[in-house]
Structure formats: C-alpha cells, structure tokens
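These numbers come from a predicted model, not from an experiment.
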Amino acid sequence: MSENLKTIKELADELGITKQTVQYHIKNLPSKIRKKNSRGAILLTKEEQNFIKSRVNKQSDREQSDREQSDREQSDREQSDREQSDREQSDREQSDREQSDREQSDREQSDREQSDREQSDREQSDREQSDREQSDREQSDREQSDREQSDREQSDREQSDREQFYLEKIKIQEEQIEDFKEQRIELREQVKHLGVLLDQQQRLALQDKKLLEEYKAEINDLKALKMPSQDTKEEQANSQPQEELETLKEQIRALNDKIKGQEQLNNQVSKKWYQFWK
C-alpha cells in the first residue's frame, strides 16, 4: 500500500476520530469513485486525506471553540449557578432563618396561646368548680331552709294540733263544768227538795212519835188493868160480843205494825242524808 493512500480506519486512527466521522466527511468529497485495496477497504488519496483533515481540524477548531465557548458558558452558567445557588442558598438560609424565626415565633405564640388557653381553662375550671360549689352550697342551704321550713311547719301543725286538742279538751271540760254546774244546781234543788221533805218527814215523825207515845200510854193503861181469872174470863167472854174482842186485837196489831214502819222510815231517811253528805 502506498504511503499516500490510507484506509478509513487508518485515517481515523491517525486523526483520533471514529470511522463514522471519516465516513461522514467522505460524503462531502466531490469524486464518488473510490479505490479499494485487496480486502475491499476504501483507500483515500492524499488530497482526500487533506480535505478530511482540514474539515476535521475545522470541525475540531469549531468543536474546540464550541467547547471553550461551552466551557465559558458552562463556567458562566456554573458561576451564575453558583451565584444563583449562593443567592438561593442565602435566600433559603434567610428564608429558613425567617421560617425558623416565624416557627419559633409561632411556637412561642402557640405556647403563649396554649399557656393562655390552659390558664383560661384552669380559670374556667376554677370558676366552674367555684360555681358548682356555690350552687351546691345554695342547694344545701335551700334544702336546709326547706327542711327547717318543713320542720317549722310540722312543729306549727303539731302545735296547732296540740292547741286544737287542748281547746277541744278545754271545751269538753267547760261543757263538763257546765254539766257539773247544772248537776250542782239540780243537786241543790234536790237538797232543797230533800230538806223540805226532811222537814215534812221530821214533822210527821214528831207527830208519829207523839201518836206512838199516846198508843204506848194506852197500851200501858190496858196492860195495867187487872187481868180476871179463868172463870171470870169465860163469863166476860160470854157477856161481851166476840166481834169487839177481835176488833181490839186488830187495832193492837195495826198499831204495832205502824210503829215498826215508822221506825224503818226514820232509819232510811237518816241513811239517805248520810250518803248524800258523804
């Protein structure tokens, strides 16, 4: 192989590019007829090699320039990105600090609000507890007052019942007193009546006593008469009528009965007066 002719692979190895890049530049060559070696590989002439080299160099320069430009742009972008990142970092840090400050402030505010709510809840609970205790005391006072009122009413009712009982008892006693007074009046009338009867009885007793004494005197006179003998008795009996004898006996028996009855009556009157004054 001549030194002026090179295959695509050899040129690519020489230029440090790929075979595809060499084949891309071959499309821009004016001649379409290419020489080939014994293995069928395309051979490039010196002019074609120079053309491809110039294009590759231009391409390389452009690429270098592009790379440099890209590097500068990249560097600028990186610088800008770093600055932007720094600004963003600073902004984030500032935002974080502000956020942290806000969060700290919010936490402090929340803590204060929580503390205020807890304080308010405790005060509310204390007020409610105080209200319940006050309500309980008032309820207890009302119940105590109700019990006392009920006790007073019960006591008043009992007192009223006792007064009513005593009034009724007094009324009954007054009625009894009135009955006793009426009975006393009746007893006084009875005493007066009994006194009258007693006077009458005493007068009758005196009269009866006087008659009794007269009868006794007559009996004594009769007994003082001399009793006749048996013969004289028979003669007198034959001479006096039997009816007069019987009449005399009857009068004597009647007189004795009357004396006994008068004595019993006097004894009864004496017992009645004794029982009455007893």
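- In terms of the salt bridge (Lys or Arg N to Asp or Glu O under 4.0 Å) criterion, R203 has no residue partners (sequence neighbours excluded).
- Closest non-hydrogen pair, A41 versus T7, comes out as CB-CG2, 4.1 Å.
- Within the model, atoms CG of L5 and CD of E10 stand 9.5 Å from one another, a figure rounded to the nearest 0.5 Å.
- Taking CD of Q176 as the reference point, atom CD of E174 lies at 10.5 Å (rounded to 0.5 Å).
- In the displayed structure, Y24 atom OH is contacted under 6.0 Å by at most 12 heavy atoms of other residues, nucleotides or ligands.
- Residues meeting the side chain to side chain contact (heavy atoms under 4.5 Å, CB included) test with N50, sequence neighbours left out: K46, K53.
- For K9, the salt bridge (Lys or Arg N to Asp or Glu O under 4.0 Å) partners are D13, not counting sequence neighbours.
- Contacts of R132 classified as salt bridge (Lys or Arg N to Asp or Glu O under 4.0 Å), with partners at least two apart in sequence or in another chain: none.
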For residues 161-173, which side-chain N or O atoms pair as donor and acceptor with protein atoms under 3.5 Å away, sequence neighbours left out?
| unit_1 | atom_1 | unit_2 | atom_2 | d |
| --- | --- | --- | --- | --- |
| R162 | NH2 | Q159 | OE1 | 2.7 |
| E163 | OE2 | Q159 | NE2 | 3.3 |
| Q164 | NE2 | E168 | OE2 | 3.3 |

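- Cluster membership for L204 and L211, using ILVMFWY side-chain heavy atoms within less than 4.5 angstrom, is not shared.
- In this view, S135 satisfies the side-chain hydrogen bond (donor to acceptor under 3.5 Å, both in side chains) rule with no residue, not counting sequence neighbours.
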